[in-house]
J.: 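My questions will all concern the structure given below.
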Number of protein chains: 2
Amino acid sequence: MLNYSVSEENYIKAIFHLQEQAGTVTTNELAGELSTKPASVTDMLKKLKAKKLLHYQPYQGFRLSADGNKVALGVVRRHRLWEYFLSVKLKFSWDEIHEVAEDLEHVSSKKLIDKLDEFLGFPRFDPHGDPIPDINGNIIASKTICLQELTPDTRAIVSNIKDQSTQMLEVLQHKSIGIGTRLEIRRKFEYDKSMEVKIGRLPVITISEHLAKNIFVQAI
Amino acid sequence: MLNYSVSEENYIKAIFHLQEQAGTVTTNELAGELSTKPASVTDMLKKLKAKKLLHYQPYQGFRLSADGNKVALGVVRRHRLWEYFLSVKLKFSWDEIHEVAEDLEHVSSKKLIDKLDEFLGFPRFDPHGDPIPDINGNIIASKTICLQELTPDTRAIVSNIKDQSTQMLEVLQHKSIGIGTRLEIRRKFEYDKSMEVKIGRLPVITISEHLAKNIFVQAI
DNA sequence: AAATAAATTTAGACAAAGCTAAAAAAATAA
DNA sequence: TTATTTTTTTAGCTTTGTCTAAATTTATTT
């Protein structure tokens, strides 16, 4: 795998995210995303095209090639693993991790990232609930939904917790719920919209409507 | 604290290390250290002088200013904390950590480094036995010596272990000795050159000459 | 369909950090 | 003390990634 500059990686990552929505990306969009000028974007597009990372015809918009996608997934993997590390190990708050991970993601040692992944226990979602590509660049496609929306006998992994108040965290800790927790919905009660949930071999716990509305999961 | 480019930081760090030996540094020395050309060094010297990080008169050699020293200590702190992390947490072998830390040291978030320091338990020596500057840039001056050379009633911190064989690690683990372990020499026996050592509140242990010759410490 | 507006690209500049080759200063030798 | 060698600096060029201003292409109106 070749090495790309910080700037190239930032362009590739931004294109990756923008094309997730629309399939194709425009010069102005990308300039906006990267807080740069359209002329600078055009320059970089030529370079990325020359390196076969991009499908691009002047004036016609662009999207990543298969190779470009691979590079993007590598950057996303690094970014999200570092975010997980910063949040879980270094106890950064959720609004601080993105900026620091923006720098760390460009340290490109593959061995570093694979060992970090192992050290963290192969997490599948970052603290924002976004899936972390695995060592082969495979990424879970399922999108985050609210725990409240799940039906009995569904299994899911907690990926995001909206309310970060101390009280909330107290409840979560008590119930052994955190990012990455695997759980299975057992019952739902119409009466108060509460649900019963099983986590591993722990006794079944009850989750109130209020709580369930603040927990986001990936169905599996 | 201002921000410096990766290149500036590498120059400053190299000057810091070179001037530890001789007090002052020459253009050729620095070019050799950084695997670059003397002409490139001169260019950077002018820039660092303009930023008041360097005392420099053309043709007369140079050394870091007080400000330059502060910057250098910051880089060294980051480098050594990352080395410690890579070795202790990610289980990198000792010959792999330097290269990766060369990249990580340039991620400049102060909060990241201070939290990493805390997460690691405020280590005072990196895996090579070199002291880690603390949050205020203070660095322990004492140099690494062989455990075998210590006399009774001396206290020291383990900073380096030469032989990394599995058998060696087995013995160390059994005796609760690792990088950072504080110990006190109690007795030495001329007969077999073994020594008795106390670690914290654990019972006194015996260390053979063979073992002591492979453990390096900082006297305190 | 022609006119206007918006988006995109090209052309030309600039700063950072490197290089080579030539000039200048300092150190060493004859 | 000259002459020569070594070290250091200067001058000018290159690449990467950015910018502004002008030109071009595409889209939108009237």
J.: Among residues 101-108 of chain A, which ones have heavy-atom contacts with DNA chain C below 4.0 Å?
T.: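 Here the set is empty: none.
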J.: Residues in side-chain hydrogen bond (donor to acceptor under 3.5 Å, both in side chains) with A/Glu96, at least two apart?
T.: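 A/Ser93, B/Lys111.
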J.: Quick one: is the NZ or CZ of A/Lys89 closer than 6.0 Å to the six-membered ring centre of A/Phe119, and within 45° of its axis?
T.: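 Satisfied, under 6.0 Å and within 45°.
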J.: Kindly list each side-chain donor-acceptor pair under 3.5 angstrom involving residues 31-43 of chain A, sequence neighbours excluded, with atom names and distances?
T.:
residue, atom, partner, partner atom, Å
A/Thr42, OG1, A/Pro38, O, 3.2

J.: Who passes side-chain hydrogen bond (donor to acceptor under 3.5 Å, both in side chains) against A/Lys52, sequence neighbours left out?
T.: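 A/Lys52: no side-chain hydrogen bond (donor to acceptor under 3.5 Å, both in side chains) contacts found.
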J.: Which part of the nucleic acid, if any, lies within reach of B/Thr42 when heavy atoms closer than 4.0 Å are counted: base, sugar-phosphate only, or nothing?
T.: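 Base contact.
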J.: Can you tell me the distance, in whole Å, between the CG atom of A/Asp43 and the C1' atom of D/dT15?
T.: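 Computing the A/Asp43:CG to D/dT15:C1' distance gives 13 Å.
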J.: Using the side chain to side chain donor-acceptor pair (under 3.5 Å) rule, collect all pairs that involve residues 54-66 of chain A, keeping only residues at least two apart or in two chains.
T.: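 The answer is A/Lys49-A/Gln57.
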J.: Let me know the distance between CD of A/Gln57 and C1' of C/dT9, rounded to the nearest Å.
T.: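 Rounded to the whole Å, the gap is 14 Å.
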J.: Would you please name every residue forming a ring-ring contact (aromatic ring centres under 6.0 Å, His included) with A/His98, sequence neighbours left out?
T.: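 A/His98: ring-ring contact (aromatic ring centres under 6.0 Å, His included) contacts with A/His79.
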J.: So does B/Arg78 pair up with B/Glu83, basic N to acidic O under 4.0 Å?
T.: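 Judged by the 4.0 Å cut-off on N to carboxylate O distance, B/Arg78 and B/Glu83 do not form a salt bridge.
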J.: Using a heavy-atom distance cut-off of less than 4.0 Å, which residues of residues 24-32 of chain B contact DNA chain D?
T.: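 Residues of residues 24-32 of chain B that come under 4.0 Å of DNA chain D are, in numerical order, B/Thr26, B/Thr27, B/Asn28.
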J.: NA contact type, A/Tyr11, heavy-atom cut-off 4.0 Å: base, sugar-phosphate, or nothing?
T.: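 If one applies the 4.0 Å heavy-atom cut-off, A/Tyr11 turns out to touch the sugar-phosphate alone, with no base involved.
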J.: In whole angstrom, what separates A/Lys46's NZ from D/dT18's P?
T.: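 It works out to 14 Å between those atoms.
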J.: Is there a donor in the side chain of A/Thr154 and an acceptor in the side chain of A/Glu184, or the other way round, less than 3.5 Å apart?
T.: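 No, A/Glu184 and A/Thr154 have no side-chain donor paired with an acceptor closer than 3.5 Å.
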J.: Any salt bridge (Lys or Arg N to Asp or Glu O under 4.0 Å) pairs touching residues 113-125 of chain A, not counting sequence neighbours?
T.: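 Only A/Arg77-A/Asp114, A/Arg77-A/Asp117, A/Lys110-A/Asp114 qualify under salt bridge (Lys or Arg N to Asp or Glu O under 4.0 Å).
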J.: Distance-only criterion, 3.5 Å: show the donor-acceptor pairs between side-chain atoms of residues 67-74 of chain A and protein atoms not counting sequence neighbours.
T.:
none

J.: Only counting residues at least two apart or in another chain, list the ones meeting side-chain hydrogen bond (donor to acceptor under 3.5 Å, both in side chains) with B/Gln148.
T.: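 With neighbours one apart ignored, the set is empty.
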J.: Is B/Tyr56 near enough to D/dT9 that one of its side-chain N or O atoms lies under 4.0 angstrom from OP1 or OP2?
T.: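 So the side chain of B/Tyr56 is within the cut-off, an N or O lying under 4.0 Å from OP1 or OP2 of D/dT9.
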J.: Using a cut-off of under 3.5 Å, enumerate the N/O to N/O pairs linking the protein to nucleotides 20-29 of chain C.
T.:
none

J.: Mind checking if B/Phe62 touches a base, just sugar-phosphate, or nothing, with heavy atoms under 4.0 Å?
T.: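 Answer is nothing: B/Phe62 stays at 4.0 Å or more from every strand.
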J.: Distance check needed: C/dC19 P versus B/Leu34 CG, whole Å only.
T.: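 Value for this atom pair: 10 Å.
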J.: Please state how far atom NZ in B/Lys51 lies from atom C1' in C/dA15, giving the value in whole angstrom units.
T.: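 One finds 11 Å between C1' of C/dA15 and NZ of B/Lys51, rounded.
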J.: Report yes if at least one side-chain N or O of A/Ser7 is closer than 4.0 Å to OP1 or OP2 of D/dT18; otherwise report no.
T.: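 Indeed, a polar side-chain atom of A/Ser7 lies that close.
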J.: Tell me which pairs pass salt bridge (Lys or Arg N to Asp or Glu O under 4.0 Å) where either residue lies in residues 10-31 of chain A, with sequence neighbours left out.
T.: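 Only A/Lys13-A/Glu102, A/Lys13-A/Glu105 qualify under salt bridge (Lys or Arg N to Asp or Glu O under 4.0 Å).
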J.: Using whole Å, what does the distance between atom P of nucleotide C/dT10 and atom CG of A/Leu45 come to?
T.: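 Value for this atom pair: 10 Å.
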J.: Grab the CE-C1' distance between B/Met44 and C/dG18 for me, whole Å please.
T.: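 To the nearest whole Å, that distance equals 10 Å.
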